[in-house]
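These notes are about the structure you will find just below.
Keep in mind that this is a model prediction, so the values were computed, not measured. Computation of the quantities below employed the complete heavy-atom set of this structure, encompassing side-chain atoms and omitting hydrogens, waters and symmetry-equivalent molecules.
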Amino acid sequence: MLDTKISGLPGKVVSMAVSNEVFNPQEYLVKGGFGKTILQYKKNDGIFSQGEPGDTVFFIQKGKVMLTVVSPSGKEATIALLGAGQFLGEDCITSEQLVRSSSSRALTPCTLLRVRRQEMIRVLLEEKAMSRLFIRYLLSRNSRIQADLVDQLFNSSEKRLARTLLLLSQTGKEGQPLAPLPKISQTTLAEMVGTTRSRVSFFMNRFRKLGFIEYSGLDRIHVNSSLLSLVPLQ
């Protein structure tokens, strides 16, 4: 049995005996097999598109993914930023809606485990350890969605930008070292935050002067955990 810890995977490993073997959900999520395939995506590669059939669930082993939706009028909005240890496209098994309600794109080079819907349902029904892990994940994701909604409704564009930078860098605690962001344009940040590029540029310069962020070669942005003083993550 592999002794593998996936970054960001919620909770502890819970094991149970099945056919004289110990089922390890983390081991299950790091390798391919029946109904499972490990896929590599380059930066900006599309993973799935809004409106197409939803017959697979993805688990992010490495990298960052952005979820977007497009309104009937053609307006696009970013609804989530996901990283290692998180699931993607799980709505195909948590509801009767078998059509993708959003689109996903790789923000960085990604390694994903693609699991067929039928296989995901099987392992959730047969393996209690996996179902507990998945339920914990859904509860955690629901809390994050509520926090995102509060952010959009009540926070200023400056605080929304700060929260987006923290989520992208996955900086979650005071005293952590600087965390590099995937290379991303201010135009893309503006779209994610819901403001203009000029406002993003103004706030980024302000954050740099306050020591919240730093720039290295080729405009690579590093986020300092001191940015949490402006908008703590829940």
Contacts of type salt bridge (Lys or Arg N to Asp or Glu O under 4.0 Å), residue Arg122, not counting sequence neighbours: Glu119, Glu126
Determine, stepwise, if the pair Leu29 / Phe87 fulfils side chain to side chain contact (heavy atoms under 4.5 Å, CB included). CA-CA 10 Å; Leu29 292 169; Phe87 291 92; 4.2 Å; yes
Heavy-atom pair of closest approach, residues Thr68 and Gln50: O-OE1, 4.3 Å
Give the minimum heavy-atom separation between Leu133 and Pro25, together with the two atoms involved. CD1-CB, 3.9 Å
For Ala162 versus Leu227, what's the shortest heavy-atom pair and its separation? O-CD2, 3.7 Å
I want to check something: taking the side chain as every heavy atom from C-beta on, are Ile213 and Asn224 in contact at a cut-off of under 4.5 Å? no
Of all residues at least two apart in sequence or in a different chain, which pass the salt bridge (Lys or Arg N to Asp or Glu O under 4.0 Å) check with Arg116? Asp55
Partners meeting side-chain hydrogen bond (donor to acceptor under 3.5 Å, both in side chains) with Arg160 (sequence neighbours left out): none
Side chain to side chain contact (heavy atoms under 4.5 Å, CB included) between Leu125 and Ile121: does it pass, once the steps are laid out? CA-CA 6 Å; Leu125 290 175; Ile121 292 174; 3.8 Å; yes
Single-linkage hydrophobic cluster Val70~Val65, side-chain heavy atoms < 4.5 angstrom: no
Are Val115 and Thr37 side-chain neighbours, meaning at least one heavy-atom pair lies under 4.5 Å? no
Can you tell me which residue pairs pass the salt bridge (Lys or Arg N to Asp or Glu O under 4.0 Å) test with a partner in residues 40-53, sequence neighbours excluded? none
Sequence neighbours left out, what passes ring-ring contact (aromatic ring centres under 6.0 Å, His included) with Tyr41? Give chain and number order. none
Non-neighbouring partners of Arg199 that pass side-chain hydrogen bond (donor to acceptor under 3.5 Å, both in side chains), sequence neighbours left out: none
Atom of Ala190, atom of Arg197 and distance for their closest heavy-atom approach: CB-N, 3.7 Å
Side-chain heavy atoms of Leu161 within contact of Thr195, under 4.5 Å: no
Keeping the roles fixed (side chain from Gln86, backbone from Gly83), state whether a donor-acceptor pair exists under 3.5 Å. yes
Taking every non-hydrogen atom, the tightest pair across Ser226 and Gly211: OG-O, 3.6 Å
Verify side chain to side chain contact (heavy atoms under 4.5 Å, CB included) between Ser103 and Phe48, making sure each step is shown before the conclusion. CA-CA 6 Å; Ser103 298; Phe48 57 73; 5.6 Å; no
Leu88 and Val57: CA distance, side-chain angles, deciding distance, side chain to side chain contact (heavy atoms under 4.5 Å, CB included) verdict: CA-CA 6 Å; Leu88 177 65; Val57 178; over 6 Å; no
Lys75: side-chain contact (heavy atoms from CB on, under 4.5 Å) partners, not counting sequence neighbours: Ser71, Ser73
side-chain hydrogen bond (donor to acceptor under 3.5 Å, both in side chains) partners for Thr187, two or more places apart: none
Does Leu139 have any side-chain contact (heavy atoms from CB on, under 4.5 Å) partners at least two apart in sequence or in another chain, and if so, which? Ile135
Quick one, Val30 and Leu113 - any side-chain contact, counting heavy atoms below 4.5 Å? no
Hits for side-chain contact (heavy atoms from CB on, under 4.5 Å) against Arg141, two or more places apart or cross-chain, chain-then-number order -> Leu67, Ala80, Leu82, Glu90, Tyr137, Ile145
Tell me whether the NZ or CZ atom of Lys36 lies within the 45° cone about the ring axis of Phe59 and under 6.0 Å from its centre. no
Smallest heavy-atom separation, Lys64 atom then Thr108 atom, equals N-OG1, 3.0 Å
Partner set under side-chain hydrogen bond (donor to acceptor under 3.5 Å, both in side chains) for Thr56, not counting sequence neighbours: Arg100
Side chain Ser169, main chain Leu165, donor-acceptor under 3.5 Å: yes
Looking at residues at least two apart in the chain, or sitting in another chain, which of them share a side-chain contact (heavy atoms from CB on, under 4.5 Å) with Ser156? Glu158, Lys159
